[in-house]
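Written out below as structure tokens is the structure these notes cover.
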Amino acid sequence: MENINTTIATSEKKDKFLEVLSTLDFTTENPTFLQHRITSQNELNELDFPTSKTEYWKYTRVGKIVNNTYTLGQPEKIDVSDFLIPNLDAQVLVIINGHVVADLSDFTSVDGVTLTSLSHAKKQNFEGLKKHFNQFTQDKKEIFLAFNNAFHTDGIYLEVAKNKIIEKPLHIINITTGNNTISQSRNLFLANVGSQVKIIESFVNVNGEKNFNNHVSELIISENAIMEYNKIQDKKETNFSIVTEQVYQEANSNFTINTATFNGALVRNNLNIEVDASNCETNLNGLYLGKNKDHIDNHTVVDHKKPHCNSNEIYRGVLDNESTGVFNGKVFVRPNAQKTNAFQQNNNILLTDNATVNSKPELEIYADDVKCSHGSTTGQIDEEAIFYLQSRGISKKGALKLMINAFAKDALERISIEALQAYIDNKIEERFI
Amino acid sequence: MAYSEDDLKKELKDQEYKYGFTSNIESEVIPKGLNEDVVRLISSKKNEPQWLLDFRLKAFAHWKTMVEKRWAHVSYPEIDFQNISYYSSPKAKKEVSWDEVDPEMKATMDKLGISMDEQKALSGVAVDFVFDSVSVKTSFQDKLQELGVIFCSFSEAVKNHPELVKKYLGTVVPPTDNFYAALNSAVFSDGSFCYIPKGVRCPMELSTYFRINEANTGQFERTLLIADEGSYVSYLEGCTAPSRDENQLHAAVVELISLDGAEIKYSTVQNWYPGDKDGKGGIYNFVTKRGICHNHSKISWTQVETGSAVTWKYPSCILKGDNSIGEFYSVAVTNHYQQADTGTKMIHLGKNTKSTIISKGISAGFSNNSYRGLVQIHKNATNARNFTQCDSLLMSDQCGAHTFPYIEVKNSTAKIEHEATTSKIGEDQLFYCNQRGISTEKAINLIVNGYCKDVLNKLPMEFAVEAQKLLEISLEGSVG
Amino acid sequence: MIKIKNLHANIDGKEILKGINLEVKAGEVHAIMGPNGSGKSTLSSVLAGREEFEVTEGSVEFDGKDLLDLAPEDRAREGLFLAFQYPIEIPGVSNINFLKTAINEKRAYLNQEPVSAKEFLGMVKEKSALVELDAKLANRSVNEGFSGGEKKRNEIFQMAMLTPKLAILDETDSGLDIDALRIVANGVNKLKSPNNATIVITHYQRLLDYIIPDFVHVLYDGKIVKSGSKDLALELEEKGYDWIKNESPL
């Protein structure tokens, strides 16, 4: 009986979401892309919000998100200067509540680079978009992904032409505003053969409580291409984010993602990387700093399907007050993927007894000639080290700060953009005073 | 040795394994099917007191409301619980003649160095137990009695020590714990009971001399072991000899209670029939094993798992008392089409609690071998420590090795370390051995035994030697 | 003892050995010297039977048998011993157990009885003294946690236990301090007899001050380009390998 009741309850909640979202009008959209929406709307009939029994959501309850009542977030004009990264020379694009706001953006067109809104790209029917849009291998049955597929508004479309190397990073500022708003932004980044690109995306918030951003990005790294994607999540601790990334790597490609999460009532990152070609390198690194009642959940999947690939994963968390950190990293090595080297590491520090960490590093291996390892540690700052620093005249507090900073900064040392590295280091230092 | 390896291989090819155990059954088997009346019938056949019947009925009522969970990384067809007979009296033990016993099994037992008499007994051949162990057993029982140690079948314990059984049964593994624990609680046949009085250090490994009797304890076995304050016991379960059983489903429950200052060392070698090389047949082994540690006490699980078609097993420790210690040492080998999902749970509730997990998985053939473990540090478990090392060794490109640890920490003073590696058996190690004149097969044995040494060292001496041989046999022909 | 004729070998399609000719007789010590990448270690690997290398041409006769036809373990059982440049660690397997297995496998191959425990322990005691190897090391896992010098001494200890007809020492001197070098060389010299032979592969002349070779060969670009007495090693040390490179017709 109990089961039936919860089913009714969750499907009622789903209807509430649908009611709000179905006021969006997509009838003028290019039929190719409209069809994707219709398919996903049909899929939604079969899907329900996860419960405590859903293994994929084992350590994260979505009640906070799904029990709230939302209105649609609208594009606004606001001052974005606070969100710029000091000393960073970048192309700046601004998304507000799932809408690209051109007036606030600051970019110049560059040869060999297509940089526009997703909605414009759909109108133009770009080949690259048609080919790669809405191709998911993991998370197919995820309700939040289906919601975005069916009802996403807008986001950034980036295509880098063959062999084009972009020097200037792209900085996307993805903003939510207002109380109880829902927004669903959507990006697609395509690095064509031999190209190189660096992207930063800041997920921030202005004047709003309990708003919910359900974001999806698709990233395609073609043969021999290199992409670095840096994600900064810094919203007020009353706001909710679910971010899903689907990454495809083609042969000889190199992909790095750095995720720094500083805040959030509920942040869930679903990072799915499919490596369906040989000689690829994949780096996925993350840092999560929880405070108050933050709940930060990182789910990663690296799916090695072909031989001779390397992946390195380091996620680190420092959890203060009553915050919770979740790490669930999965590495698949499929039967064909011989000579895979996969390394996965998760380290956590709890600063109080009311903080929680749940770590689930997983290896699922079906090939024999592989080297895979994972490690997970949870503990305090090494007391010996603290004592050593104290014996050199540093206060205990100072020593602690020094050690936490070092621990946290280590996780993101693969960021290659100096100004960004400095910005993040600075934010870490501000946190642990 | 009666057989050369080649003879054996040839024979295996030519001849499907005969289930061989055709025999005159001396009745006392109740019809197939499961309902409340069957539960009552089992209880009445065993002349059980009302409280135990109530325990069974409650468990059964709960079982009916449960759905079998399928989260483990194993797959097997739906089990028809109405197609199983839940009771057969000891009298009904099937008998076979020595000639009918599977030659493969005979050969394996030869390799393990098991005596002919023992071989016969293990194979279900009726023999008169006139050999040494009877006298050993008697003097053994005298010695235990002197110390106040109770070691008997579960049914005997219910008759002779009902207060102890009543006090502890179901306290560590509640009947509602999981689907198979509930089923076991409703229909358990028999099993072992052990009580070590306060301050007594049990001078011998319990159950070593009883392995012949143990081989037929049935498919729903129940073990209850209580180590009273300050006592110590080392308990051995199972044996290295291959065990054939016509019951495909085995769902045992083991409960350990380690009271203040006590220590229990529980060692298992599991070598149930794994099915043939094409994955046909074999035992489904779904076991719930759990112990509770009170203050300053310790429970150490050591297991060598080579048998069964499907294994689902997580010997666990609830570290309730302050300064208590939990250990889990495991070697799990899967070959051909075997599947194992095994590991442990370490639940840290008390202060200064410590746990160690060493798991060595070896996968060969088309098998799948998963480690699944939970380390949980509760809020009040100040200064809890855990160290986990799980390694997987891959012996073929068709098998799978998986690691699924769950680490949940709610106390800032905890120190948790988990490390896992997965790798192939080293080509350079094999070549080094070859260059010293050691054949590849021998080299694999050496390397595998070396790889498992940390766990094998935890087994009582004579068990360890047999376990080593068992590893060799289990992996025979797995490379090249 | 061993006759190598026109030996060519590839790895991953790349030719490394380009026609080696070498004959070693019982009682002799041969040194093979050469710069990095000349094919020294490839030669020892091919003789020991490493699968990565493909022999494309030539023959090797070992004590009247076609060596290339034998599996690596059978080459060892026939009496070929390779002291590895980088000895392999085998965790959990004690040195003693390892050696006992090796000796008994060899004995079984030669239709001999397995070694008795007493005889074996006597051998261990005697031979470990030869290379001043701490008896404790014999009980530790094979090469695990050994220092560089201990690993090399352990190789010579194994050689002493297995009494090969032909021992190939592959860069045994690399990374050794002078004391260890002396101990290793001393061990090798004591094991020398009119019935066995040794091939010493080295980059430096230093080792040859301790193990005096009867012949010195210079390997360059997959071929033996010069052979001579032990004086050749000294000349080489003095003039450097460039001398050979310049003289080489290649």
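Reminder, nothing fancy here: chain letters follow the sequence lines and each chain counts from 1.
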Subject >> Where at least one partner belongs to residues 422-432 of chain B, residue pairs that pass salt bridge (Lys or Arg N to Asp or Glu O under 4.0 Å), sequence neighbours excluded >> reply: B:K424-B:E427
Original post:
Could you walk me through whether C:Y86 and B:Y432 pass the side chain to side chain contact (heavy atoms under 4.5 Å, CB included) check?
Top reply: CA-CA 10 Å; C:Y86 305 108; B:Y432 191 68; over 6 Å; no
**OP:** Spell out the residues in residues 60-80 of chain C that have some non-hydrogen atom less than 4.5 Å away from a non-hydrogen atom of chain B, in order of number; otherwise answer 'none'.
**Re:** C:P72, C:E73, C:A76, C:R77, C:L80
Original post:
So which residues of residues 45-54 of chain C are in contact with chain B at a heavy-atom cut-off of under 4.5 Å?
Top reply: C:A48, C:G49, C:R50
**OP:** Can you establish whether the number of heavy atoms outside C:K165 located under 6.0 Å from its atom NZ is more than 12?
**Re:** yes
Original post:
So does B:K354 have more than 12 non-hydrogen atoms from other groups sitting under 6.0 Å from NZ?
Top reply: no
Subject >> Heavy-atom proximity to chain B below 4.5 Å, by part of C:L82 >> reply: both
Original post:
Heavy atoms, side chains only, cut-off 4.5 Å: are C:I90 and B:I447 in contact?
Top reply: yes
Original post:
Taking only residues two or more places apart in sequence, or in another chain, which ones meet B:Y314 in a side chain to side chain donor-acceptor pair (under 3.5 Å)?
Top reply: B:D341
Subject >> Choice from B:Q429, B:Q435, B:K453 maximising heavy atom contacts with chain C below 4.5 Å >> reply: B:Q435
Original post:
Out of B:G426, B:C433, B:A443, which one racks up the most heavy-atom pairs below 4.5 Å with chain C?
Top reply: B:C433
**OP:** Determine, step by step, whether C:V93 and B:N449 satisfy the side chain to side chain contact (heavy atoms under 4.5 Å, CB included) criterion, reporting the C-alpha distance in whole Å, the side-chain angles of both residues, the deciding distance to 0.1 Å, and the verdict.
**Re:** CA-CA 7 Å; C:V93 178; B:N449 270 311; over 6 Å; no
Subject >> Selection from C:K106, C:E155, C:E89, C:M159 maximising heavy-atom pairs under 4.5 Å formed with chain B >> reply: C:E155
